[in-house]
Amino acid sequence: MSWSDDMRSDLGAHGAQWLVPDWPAPRRVRAFVTTRAGGVSEGEYASMNLGATSGDRPEDVARNRLVVREHLPAMPRWLAQVHGTDVAMLDALGPEEVPRADAAVARRAGDVCTVLTADCMPVLLCDEEGRHVGVAHAGWRGMAAGVIENAVRAMEAPPGSILAWLGPAIGPEAFEVGAEVREAFLAGDPASDAAFRVHGPGKYLADLYALARRRLARAGVTRVHGGGFCTHRDRERFFSYRREKKSGRMGAFIWIA
């Protein structure tokens with residue numbers, strides 16, 4: 001039985017609905033990404049909304065977070081996400097501290113890294129020895145500014161030993177952006193132009209998955225898995241802020257067992 005089979009078993013009924021990464025991570029590395037299924041929220045937020053600032057009823061978000069907590073070794077370290085590039089080192093945080101960051105790295109068993117998303121991409125990271133894990137909240141702003149590279153550096157492991165898994169994000173057929181987004185990427189990497197397709201005057205379709213793979217490769221991470229989702233188009237499974245401004249948030253979780 002692979003570790004991902006073990007994880008799906010641990011998730012019970014949620015295992016068929018939530019996402020367990022299919023990547024060759026060490027057995028002690030555990031991870032999953034929630035979908036819309038399995039919670040108590042209603043309306044636009046139905047049903048597993050984990051975002052406390054999304055406009056949902058606080059008591060429903062709290063109950064959803066407790067459902068997720070049942071499948072974790074500890075309460076996750078929620079971040080105050082700002083589409084930036086800071087990385088929270090979980091073993092250096094105080095017990096009640098809520099870091100202002102868009103990535104997290106853990107080295108101690110039981111510390112749970114997490115980010116919340118609803119079109120932005122969660123990028124899960126681990127080293128091949130299972131001694132370091134991390135996750136980055138990679139929307140276009142954070143990605144262009146270097147959040148993925150910062151997370152890789154914070155792992156303090158040789159980049160060649162790091163594995164990455166790209167979680168659900170808005171897909172390349174739905175992510176229309178202006179010229180400023182393309183220019184933000186081209187400024188640091190002219191070859192990233194290959195990830196943009198003209199879609200009208202001053203408009204482009206951007207491939208976040210292709211951009212993330214380029215960023216990872218430039219950081220020395222070449223063993224990249226996942227991708228191929230579209231939060232915007234898959235209304236049944238995923239929240240999407242671009243599709244519905246009153247949107248819930250999904251959670252990506254990773255830890256060392």
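In what follows, residues are counted from 1 in the order of the sequence shown.
Taking 4.5 Å as the limit, some side-chain heavy atom of His14 sits within range of a side-chain heavy atom of Val67. Side-chain contact check for Glu156 versus Arg107: some heavy-atom pair is nearer than 4.5 Å. Looking at heavy atoms from C-beta onward, Val135 lies out of side-chain contact with Phe253 at the 4.5 angstrom threshold. The shortest distance between side-chain heavy atoms of Trp140 and Leu211 does not fall below 4.5 Å. For the pair Met250/Leu50, no side-chain contact is recorded, criterion being any heavy-atom separation below 4.5 Å from C-beta on. Between Asp6 and Arg30, some side-chain heavy-atom pair lies under the 4.5 Å cut-off. Residues Asn49 and Val61 have side chains in contact (heavy-atom distance under 4.5 Å, counting atoms from C-beta outward). Residues Cys126 and Trp23 have side chains in contact (heavy-atom distance under 4.5 Å, counting atoms from C-beta outward).
Residue Arg100 qualifies as open at atom CZ: its count of foreign heavy atoms under 6.0 Å is 12 or below. Crowding of Tyr241 atom OH: a count of heavy atoms from other residues, nucleotides or ligands under 6.0 Å not exceeding 12. The number of heavy-atom neighbours closer than 6.0 Å to CZ of Arg69, taken from other residues, nucleotides and ligands shown, is above 12. Counting heavy atoms of neighbouring residues, nucleotides and ligands inside a 6.0 Å radius, atom NE2 of His199 does not exceed 12 of them. Within 6.0 Å of atom CZ in Arg131, 12 or fewer heavy atoms from other residues, nucleotides or ligands are found, so the atom counts as exposed in its surroundings.
Looking only at distances, a side-chain donor or acceptor of Arg36 sits under 3.5 Å from a matching main-chain atom of Ala46. Side-chain atoms of Arg77 never come within 3.5 Å of backbone atoms of Thr114 as a donor-acceptor pair (strictly under, hydrogens ignored). The closest donor-acceptor contact from the side chain of Asp127 to the backbone of His132 lies under 3.5 Å. Counting only distance, with no hydrogens or angles, the side chain of Asp102 and the backbone of Thr85 share no donor-acceptor pair below 3.5 Å.
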Chi angles and distances behind the side-chain contact (heavy atoms from CB on, under 4.5 Å) call for Val133, Leu125
CA-CA 6 Å; Val133 295; Leu125 302 167; over 6 Å; no
Step by step, work out the side-chain contact (heavy atoms from CB on, under 4.5 Å) result for His83 and Cys120.
CA-CA 9 Å; His83 296 278; Cys120 296; 3.7 Å; yes
Residue pair Val115, Leu79: steps toward the side-chain contact (heavy atoms from CB on, under 4.5 Å) verdict
CA-CA 7 Å; Val115 295; Leu79 306 179; 4.1 Å; yes
Would Asn64 and Val40 count as a side-chain contact (heavy atoms from CB on, under 4.5 Å) if you check the C-alpha gap in whole Å, the side-chain angles of each, and the deciding distance to 0.1 Å?
CA-CA 6 Å; Asn64 291 338; Val40 301; 3.4 Å; yes
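A distance of 7.0 Å separates SG of Cys113 from CD1 of Ile254, quoted to the nearest 0.5 Å. Considering CE of Met121 and NE2 of His137, their distance stands at 11.0 Å, rounded to 0.5 Å. Here CE of Met75 is found 14.0 Å from CG of Asp111. Values are rounded to the nearest 0.5 Å. Going from atom CZ of Arg215 over to atom CD of Glu149 covers 5.0 Å, rounded to the nearest 0.5 Å. One finds the OH atom of Tyr204 at 7.5 Å from the CD atom of Glu183 (value rounded to the nearest 0.5 Å). Note: His232 NE2 to Glu244 CD = 8.5 Å, rounded to the nearest 0.5 Å.
Across Ala25 and Leu163, no two heavy atoms sit closer than the pair N-CD2, 4.2 Å. Heavy atoms only, all atoms of each residue included: Gly227 and Tyr209 are closest at CA-CE2, 3.4 Å. Looking at every heavy atom in both residues, Ala106 comes nearest to Ile256 through O-CD1, 4.1 Å. Shown here for Phe238 and Cys230, the closest heavy-atom pair between the two residues is CD1-O, 4.0 Å. Looking at every heavy atom in both residues, Val20 comes nearest to Ala31 through CG1-O, 4.0 Å. Taking both residues in full, the closest heavy atoms of Ala74 and Gly110 are given as CB-O, 3.7 Å, listed atom of the first, atom of the second, then distance.
If you check the side chains of Ser41 and Asp60, you find no donor sitting under 3.5 Å from an acceptor.
Under 4.0 Å is where a charged nitrogen must lie from a carboxylate oxygen, and between Glu173 and Arg197 at least one such pair does. Electrostatic pairing of Asp91 and Arg108 does not count as a salt bridge here, judged by no charged N lying under 4.0 Å from a carboxylate O.
Taking the six-membered ring for Trp and thresholds of 30 and 60 degrees, Phe32 and Trp18 have nearly parallel ring planes, at less than 30 degrees apart.
Note: the hydrophobic cluster containing Val29 also contains Met89 (ILVMFWY, side chain heavy atoms under 4.5 Å, direct or indirect links). Under a hydrophobic-cluster definition in which Ile, Leu, Val, Met, Phe, Trp and Tyr are linked whenever side-chain heavy atoms come within less than 4.5 Å, directly or via other members, Ile170 and Leu205 are assigned to different clusters. When hydrophobic clusters are built by joining Ile, Leu, Val, Met, Phe, Trp and Tyr residues whose side-chain heavy atoms come closer than 4.5 Å, directly or via intermediates, Leu90 is not grouped with Val105. Both Phe175 and Phe185 belong to a common hydrophobic cluster when Ile, Leu, Val, Met, Phe, Trp and Tyr are linked at side-chain heavy-atom distances under 4.5 angstrom. Using a 4.5 Å cut-off between side-chain heavy atoms of Ile, Leu, Val, Met, Phe, Trp and Tyr, with links allowed through other members, Tyr45 and Leu116 fall into different hydrophobic clusters.
A search for salt bridge (Lys or Arg N to Asp or Glu O under 4.0 Å) contacts involving Glu59 returns Arg57, not counting sequence neighbours. Arg218 pairs by the side chain to side chain donor-acceptor pair (under 3.5 Å) definition with nothing, not counting sequence neighbours.
With Thr231 as reference, Asp119 is the one residue of Thr117, Asp119, Thr35 to meet the side-chain hydrogen bond (donor to acceptor under 3.5 Å, both in side chains) rule.
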